[in-house]
Amino acid sequence: MKKIIVFSFLLISLITHGQNDQRIKDSLALYAPTEIGKPDGEPVSQKIGKDGGTLISSDNKITLIIPAGALLSETLISIQPATNPAEGGVGKGYDLEPSGIQFQAPVQLIFHYTDKDMEDGSPQFMGITSQNEKGVWYGLKEVKLDTVSKTITGNIKHFSMWGLGWSFSLKPEKTMVKVSKTVNILAIPRPIEDENIGERMEVYQGIFGVNRENPRGWYANLILNGDADNGTFPGSDSYPFWTWEVGYQAPAKVPSKNPVEIMLVIVNSENGINGERSTRFRRCYIEVYDNRYKVKMVHTMDAPAGSQLGVVKYKDYGSFVVSLDGKEPKIIEIVNKNAEWTYNGKCTIVQLRPGQGNINIIGMQSIKLIPAASPGDNPWIEIFFVRSPTIFPLLQFTCPKVNAGGTYTTTSAGANAIGSMIPAFPLSIKFEAKEGEQTILKIGEEGGQIYAKFTVKQIRED
């Protein structure tokens with residue numbers, strides 16, 4: 001743990017706060033592997049030769065500046081926007097092609113950020129990351145930050161997937177905690193393989209100023225060390241300056257500003273503008289709850305496609321939470337999953353289009369809390385949902401012909417059309433607001449041709 005803390009000090013202390021330029025020494029640090037980023041936007045391409053050139057992504061978020069002499073011959077250079085699955089990734093990733101090309105001189109990669117991109121932290125804590133073909137991510141340590149033009153720039157010598165990512169994170173980024181209970185928050189820095197410590201960082205009070213005598217920086221809804229209405233950090237007065245973990249204790253009732261915004265505020269002890277110290281922060285969010293119920297829904301179906309095509313088995317599931325914490329009940333944390341399918345037959349099958357299946361929530365018409373009929377009884381919750389069509393995945397079957405050579409191809413478009421006329425679950429639900437788990441809908445038996453089950457359970461602290 002001490003080594004991680006030391007690494008984090010090195011990372012933060014080497015970032016100097018200038019209004020136009022901030023650098024850290026060039027190196028690469030290893031990140032955990034993830035899935036490969038997938039195309040997510042329009043690509044752009046341009047032939048660039050020995051004299052160099054500039055290429056801008058279709059969304060204007062990145063700029064490539066290739067200097068003269070970087071290429072040995074004319075080359076088609078492309079930028080493909082993609083998903084950014086990196087831990088702490090921000091915005092899209094960008095697949096630069098041709099992948100793996102090595103340049104004779106460094107190429108300038110410029111990311112343009114917005115205030116929205118930096119809602120959860122200061123740009124001084126943002127870095128440039130790269131993903132290789134095995135899904136492993138690397139953090140480019142030498143970057144230049146321009147807070148006026150809102151750009152983060154690095155020099156790269158090869159093409160692969162590139163994106164923006166936080167240099168350290170607060171974990172958990174989002175979670176829930178019951179009133180009066182405690183959850184631990186940990187600041188996790190990016191690993192830096194260097195033990196030569198120069199300057200040290202300190203955590204100070206004062207989101208809008210510096211208070212050297214009070215080295216603390218944990219805030220709940222912008223209140224230093226929190227308070228009884230927004231939650232507190234018990235024992236924080238005794239934390240040493242290098243503490244990167246804190247316990248947040250929720251207030252006794254749900255706060256008016258919820259989720260609670262937790263901030264770790266850091267003030268650099270050196271290299272500020274005109275000798276002043278610079279304030280940076282990272283944010284996470286904790287939802288405080290008291291009276292909530294989670295509804296889980298599952299539906300399975302065997303769909304015979306004929307003696308030749310075989311049988312497709314569908315499974316669809318989803319969930320949502322009903323909150324009674326505010327003045328009015330509401331539904332939150334809606335999870336809609338696309339229908340999953342498995343196939344048993346002699347054909348090969350390809351999914352042409354995903355489908356939401358027959359569990360799908362697109363909106364709510366009304367929600368009502370029905371008071372208890374008599375003392376000692378429990379209230380009831382009744383919800384009516386916006387009508388949503390059932391849409392199964394569109395599947396293409398390529399099958400051997402019966403009593404003949406070759407194959408034939410067909411699709412499940414007919415089933416898709418029929419499904420779209422059938423309303424998806426749920427149309428409405430009604431349940432009693434009480435402890436324990438309740439089954440509020442059941443059709444068929446699990447493993448049968450048609451099966452559906454909806455359950456609701458009060459969310460407890462455990």
Side-chain angles (χ1 to χ4, degrees), residues 1 4-5 8-9 11-12 87-90 115-127 165-190 201-211 214-268 277-290 292 321 323 325-326 332-333 459 461-462:
M1 181 67 182
I4 294 177
I5 293 168
S8 65
F9 287 163
L11 167 69
I12 301 167
E87 177 72 19
V90 174
D115 291 340
K116 184 173 178 59
D117 294 329
M118 302 299 159
E119 282 183 342
D120 293 335
S122 300
Q124 289 84 357
F125 292 147
M126 187 62 66
W166 293 109
S167 57
F168 82 87
S169 301
L170 295 186
K171 298 292 183 181
E173 294 178 355
K174 293 181 180 180
T175 192
M176 295 196 309
V177 64
K178 193 170 177 65
V179 290
S180 302
K181 299 297 182 180
T182 300
V183 62
N184 288 334
I185 305 168
L186 178 65
I188 303 177
R190 180 178 75 192
M201 281 298 302
E202 294 183 359
V203 179
Y204 288 103
Q205 279 188 351
I207 189 170
F208 302 114
V210 176
N211 188 340
N214 298 290
R216 296 291 181 271
W218 290 99
Y219 289 74
N221 285 338
L222 297 182
I223 299 172
L224 178 62
N225 296 325
D227 62 12
D229 294 326
N230 296 279
T232 58
F233 306 95
S236 61
D237 290 342
S238 62
Y239 291 162
F241 75 89
W242 44 259
T243 298
W244 293 85
E245 184 173 15
V246 69
Y248 167 75
Q249 183 173 6
K253 63 179 183 179
V254 176
S256 57
K257 183 180 179 182
N258 198 29
V260 176
E261 177 188 281
I262 305 297
M263 293 179 65
L264 171 59
V265 177
I266 300 173
V267 179
N268 196 2
R277 293 174 176 82
S278 60
T279 302
R280 299 99 183 259
F281 71 93
R282 282 290 277 126
R283 261 194 201 111
C284 67
Y285 301 89
I286 297 179
E287 182 92 8
V288 179
Y289 72 91
D290 187 13
R292 294 186 176 184
V321 172
S323 173
D325 292 335
I332 57 176
E333 298 181 26
I459 298 177
E461 190 272 331
D462 56 359

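All values derive from a computational prediction rather than experimental measurement.
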CE-CH2 distance between Met118 and Trp166, expressed to the nearest 0.5 angstrom: 5.0 Å
Set of residues satisfying side-chain contact (heavy atoms from CB on, under 4.5 Å) with respect to Glu261, sequence neighbours excluded: Asn221, Leu222, Lys257, Met263, Arg283, Tyr285
Gly231 versus Ala220, closest heavy-atom pair with distance: O-CB, 4.0 Å
Closest approach of Pro172 to Cys284 (non-hydrogen atoms, all atoms of both residues): O-CB, 3.5 Å
Pairwise distance CE(Met176) to CG(Asn258) - rounded to 0.5 angstrom: 10.5 Å
Gly247 to Pro234 - nearest heavy-atom pair and separation: O-CD, 3.4 Å
Ile185 and Leu264, any side-chain heavy atoms less than 4.5 Å apart: no
Any Val288 side-chain heavy atom under 4.5 Å of Val179 side chain: yes
Test: Arg292 and Asp325 ion pair at under 4.0 Å: yes
Contact summary for Lys178 and Ala250, nearest pair of heavy atoms: O-CB, 3.6 Å
Non-hydrogen side-chain atoms of Leu186 and Leu170 separated by less than 4.5 Å: no
Euclidean distance, Ile332 CD1 relative to Tyr289 OH, rounded to 0.5 Å: 11.0 Å
Backbone of Gly226 reached by a side-chain donor or acceptor of Thr232 within 3.5 Å: no
CD1 on Ile262 to OG1 on Thr175, rounded to 0.5 Å: 11.5 Å
Distance, nearest 0.5 Å, that separates CG of Asn230 from OG of Ser256: 6.5 Å
Inter-residue atom distance Phe233.CZ - Leu224.CG, 0.5 Å rounding: 9.0 Å
Candidate pair Asp120 and Arg282, rule salt bridge (charged side-chain N to carboxylate O under 4.0 Å, His left out), full reasoning: CA-CA 6 Å; Asp120 293 335; Arg282 282 290 277 126; 5.4 Å; no
